[in-house]
Peer 1: 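Sharing a structure here in structure tokens format.
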Number of protein chains: 2
Amino acid sequence: MTRIIDVARRAGVSTATVSRVLNGKNVRPELAAAVRDAVGELGYSPDRTARSLRRRHSEVIALVLPDVENPFFTAVARGVEDAALEAGYSVVLCNTDDRRDKEERYLGVADDENMAGVILAPADATPPIGRLVERGRSVVVIDRRVTHDVDQVTFDNRALGFRATKALVDRGFRRIACITGPETTSTAVDRAEGWRDALHDAGLVADDGLLVHANFRVDGGYEAIGTLLGRSPAPDAVLATNNLAGVGVLRALADRHGGPAPAPAGDDGSAGPVLGVGVVGDLPFATSRTSDVVIVPLNPRDLGVTAAGLLLERIAGSDAPARQLIQETEDHREGVRPV
Amino acid sequence: MTRIIDVARRAGVSTATVSRVLNGKNVRPELAAAVRDAVGELGYSPDRTARSLRRRHSEVIALVLPDVENPFFTAVARGVEDAALEAGYSVVLCNTDDRRDKEERYLGVADDENMAGVILAPADATPPIGRLVERGRSVVVIDRRVTHDVDQVTFDNRALGFRATKALVDRGFRRIACITGPETTSTAVDRAEGWRDALHDAGLVADDGLLVHANFRVDGGYEAIGTLLGRSPAPDAVLATNNLAGVGVLRALADRHGGPAPAPAGDDGSAGPVLGVGVVGDLPFATSRTSDVVIVPLNPRDLGVTAAGLLLERIAGSDAPARQLIQETEDHREGVRPV
DNA sequence: CTTGCGGCTGTAATCGATTACTGGCATCCT
DNA sequence: AGGATGCCAGTAATCGATTACAGCCGCAAG
């Protein structure tokens, strides 16, 4: 492997000069040219491990996610990646399965590897980031709120639940159920709160029997439908508060009756009850028509860009007080299909 | 930050002894205990950058993928991750968008960061891994064949195309089209070859007009349907040779006529032509019934585990000749739904 | 008693790049 | 002219862990 000293010798200068050329400091032009020639001839590229050791941090940022198989998070990743690459940083993804032990492990790796910073979508409200923060590493939390005093970027989850529910009300649905995530995640709770508020606003009942805490995965939505259809009186619509639960709902309805209902009134010609469906978040890879579904779209990519922006500021040395940003979203849409 | 020398002082030993304890060499038990106590009290964890600099490689492996938004590849990532974690390695994901420049960049990062090894799903048959290989870094290529003499794990793509096509033939379809990926990717070409062979075997024509080279994304499948329905005579079924193209096909059919056809004969009661559908690969997050679709499932997670196994052997020092493995898959299934 | 050997431990070199510090040289001011 | 100032380049210290090497001790054999 060629080292900096090889380049230095070939260019007839010292290692310090080579380093300076490579890092854009002031060096006499002819020496700089000689160095660049030598670099080119030898195909030299600096060893980042050594550089990181000396600089105290690398040019890699860690993106720690609960589930890289959820398209929501992969879209976040794209946003982070695009913003980071532009600034000369590389992004590595780590997958926690919403498990604290894996989360802790990857945060530890990020620290021990001296990564420049971490963007974390936490498993719960108190992720183990204390050590990182104390050591002055840059951390940005996304998607779910935490109790730590660090930069955070989330959606206005109450508003998301509210808007989705209101759109269902506007379509004429009256008895609207809600399938949300575990009570430990702020997104699940906040979106359900929006659902409740929207019903109250419309003078409808937010029957506790119509609120189901499932998981935020496909099977959660799929199974919750069974529970809800057992209620009496049964709901005429259902809100799924995340994308995967929405997939589960739609799949369950497709299996039972062919799909969701566009509007409540008389067109109940098909066999058995058919539900109106609302979803917070985009449906990934839908294989059915989605024009009957109320979708409140999110823009996870933008969330990623925003978070990366905050993180890069921190890495550059900003010590402003911790910021809590709300990522703006579009209003809901109905029947728009993202091919 | 606590360093190894802090631990050494606290335990009353030298740094060498601390290092030896931490790396499992022989040390007098009472000293070892003292070191471990000191480590615990100080909350010491070794700086991996420094370790990597000395050891010449880190305990991180890079998984370089064309598209982390494709569930096929995220499933691969899970497999790699599980296998690697068990062996004490961490995995970082890199996303290339099938672009050579991003691929080259991330491979460069992996090298410069002295990562232990790389698992690569290449953008084309000649990825820029020459430098890595020369330097003796461990590399395993997955999913698509390359010309380099390195370990490779792929599926038997011809067989996959063959089996899917045969299943459609068995259902009674006779004029089966094929939507495959770009001619530059071996998977697209090989699966199409399987389609052709299966038709010949069945005494059917593999009309070139029925073979469409699209991209391997949703829009590719979606748009290809339009092309195919313009052919005359029109096909009565279509094979999508990857998961996302399959999604595009199903979505297009849902938009046009409500979905795929279970079998060709008389039940053409719906409006207009309805196609039988076969897909190589699982349908991610399907929101429709999939019982009418012939699916030849893949096991990307296993592919990841296999690749990680090969890589870990290499990292451990194996210098066996390059291996080319075929990842086994289950046979096709029809109408099974993975919730 | 001496020599030899094996098992531990400590000292210091090492990995490769960055950068504080020092000194040489030229320019500029009084 | 003499001194101050600034710019650049080179030398060597530095980041933190690993490990080659050397030294020490104890035991066994001669």
Side-chain angles (χ1 to χ4, degrees), chain A residues 1-36 38-39 42-60 88 108-116 135-137, chain B residues 1-36 38-39 42-60 88 108-116 135-137:
Chain A
M1 187 154 91
T2 62
R3 294 165 329 215
I4 196 170
I5 190 162
D6 303 322
V7 177
R9 281 206 254 270
R10 176 142 191 154
V13 299
S14 73
T15 62
T17 299
V18 175
S19 176
R20 285 194 264 258
V21 171
L22 263 36
N23 291 291
K25 322 254 172 166
N26 254 353
V27 167
R28 192 146 40 97
E30 60 266 33
L31 288 194
V35 168
R36 265 187 276 274
V39 166
L42 297 174
Y44 168 77
S45 85
D47 181 315
R48 298 198 192 206
T49 304
R51 167 178 290 178
S52 304
L53 177 60
R54 185 60 225 236
R55 288 218 183 131
R56 314 299 308 123
H57 74 82
S58 70
E59 279 138 329
V60 175
V109 168
D111 187 22
D112 298 342
E113 296 272 352
N114 291 315
M115 293 189 186
R135 298 216 200 180
R137 290 223 191 281
Chain B
M1 185 152 95
T2 61
R3 295 166 326 213
I4 196 170
I5 190 161
D6 303 322
V7 177
R9 280 204 255 270
R10 176 145 194 150
V13 299
S14 72
T15 61
T17 299
V18 176
S19 174
R20 285 193 263 259
V21 171
L22 264 35
N23 292 290
K25 322 255 170 161
N26 254 353
V27 167
R28 195 147 38 97
E30 60 267 34
L31 289 193
V35 168
R36 266 186 277 272
V39 167
L42 297 174
Y44 168 77
S45 84
D47 182 313
R48 298 196 191 208
T49 304
R51 168 177 289 178
S52 304
L53 177 60
R54 186 61 223 232
R55 288 219 183 130
R56 315 297 307 122
H57 75 83
S58 71
E59 279 138 332
V60 175
V109 169
D111 186 22
D112 297 341
E113 296 272 352
N114 289 315
M115 293 190 185
R135 297 218 202 178
R137 292 225 189 279

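Excluded from the calculations below are hydrogen atoms, water molecules and symmetry mates; all remaining heavy atoms, backbone and side chain alike, are included. Note that the coordinates shown come from a computational prediction; the quantities given were computed from them, not determined experimentally. By convention in this document, chain letters (A, B, ...) are assigned in the order of the sequence lines, proteins followed by strands, and residues within each chain are numbered from 1.
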Peer 1: Within the sub-3.5 Å range, which N or O atoms of nucleotides 5-8 of chain D have a protein N or O partner, and how far apart are they?
Peer 2:
| residue | atom | partner | partner atom | Å |
| --- | --- | --- | --- | --- |
| dC8(D) | OP2 | Asn26(A) | ND2 | 3.3 |

Peer 1: Less than 4.5 Å apart, any side-chain heavy atom of Arg48(B) and any of Val109(A)?
Peer 2: yes
Peer 1: Go through the structure and list residues passing side chain to side chain donor-acceptor pair (under 3.5 Å) with Arg28(B), not counting sequence neighbours.
Peer 2: Glu30(B)
Peer 1: Could you tell me which residues satisfy salt bridge (Lys or Arg N to Asp or Glu O under 4.0 Å) with Arg137(A), sequence neighbours excluded, listed by chain and number?
Peer 2: Asp111(A)
Peer 1: List for me each residue that meets side-chain contact (heavy atoms from CB on, under 4.5 Å) alongside Asn23(B), sequence neighbours excluded, and say none if there are none.
Peer 2: Ser19(B), Lys25(B), Arg51(B), Arg55(B)
Peer 1: Sequence neighbours left out, what passes side chain to side chain donor-acceptor pair (under 3.5 Å) with Thr17(B)? Give chain and number order.
Peer 2: Ser14(B)
Peer 1: Taking atom OG1 of Thr49(A) and atom NE2 of His57(B), what is their separation to the nearest 0.5 Å?
Peer 2: 11.0 Å
Peer 1: Looking only at side chains, do Asn114(A) and Ser52(A) share a donor and an acceptor under 3.5 Å apart?
Peer 2: no
Peer 1: Along nucleotides 16-24 of chain D, 5' to 3', which nucleotides get a B, which get an S, and which get a -, given that the test is a protein heavy-atom distance under 4.0 Å?
Peer 2: BBBB-----
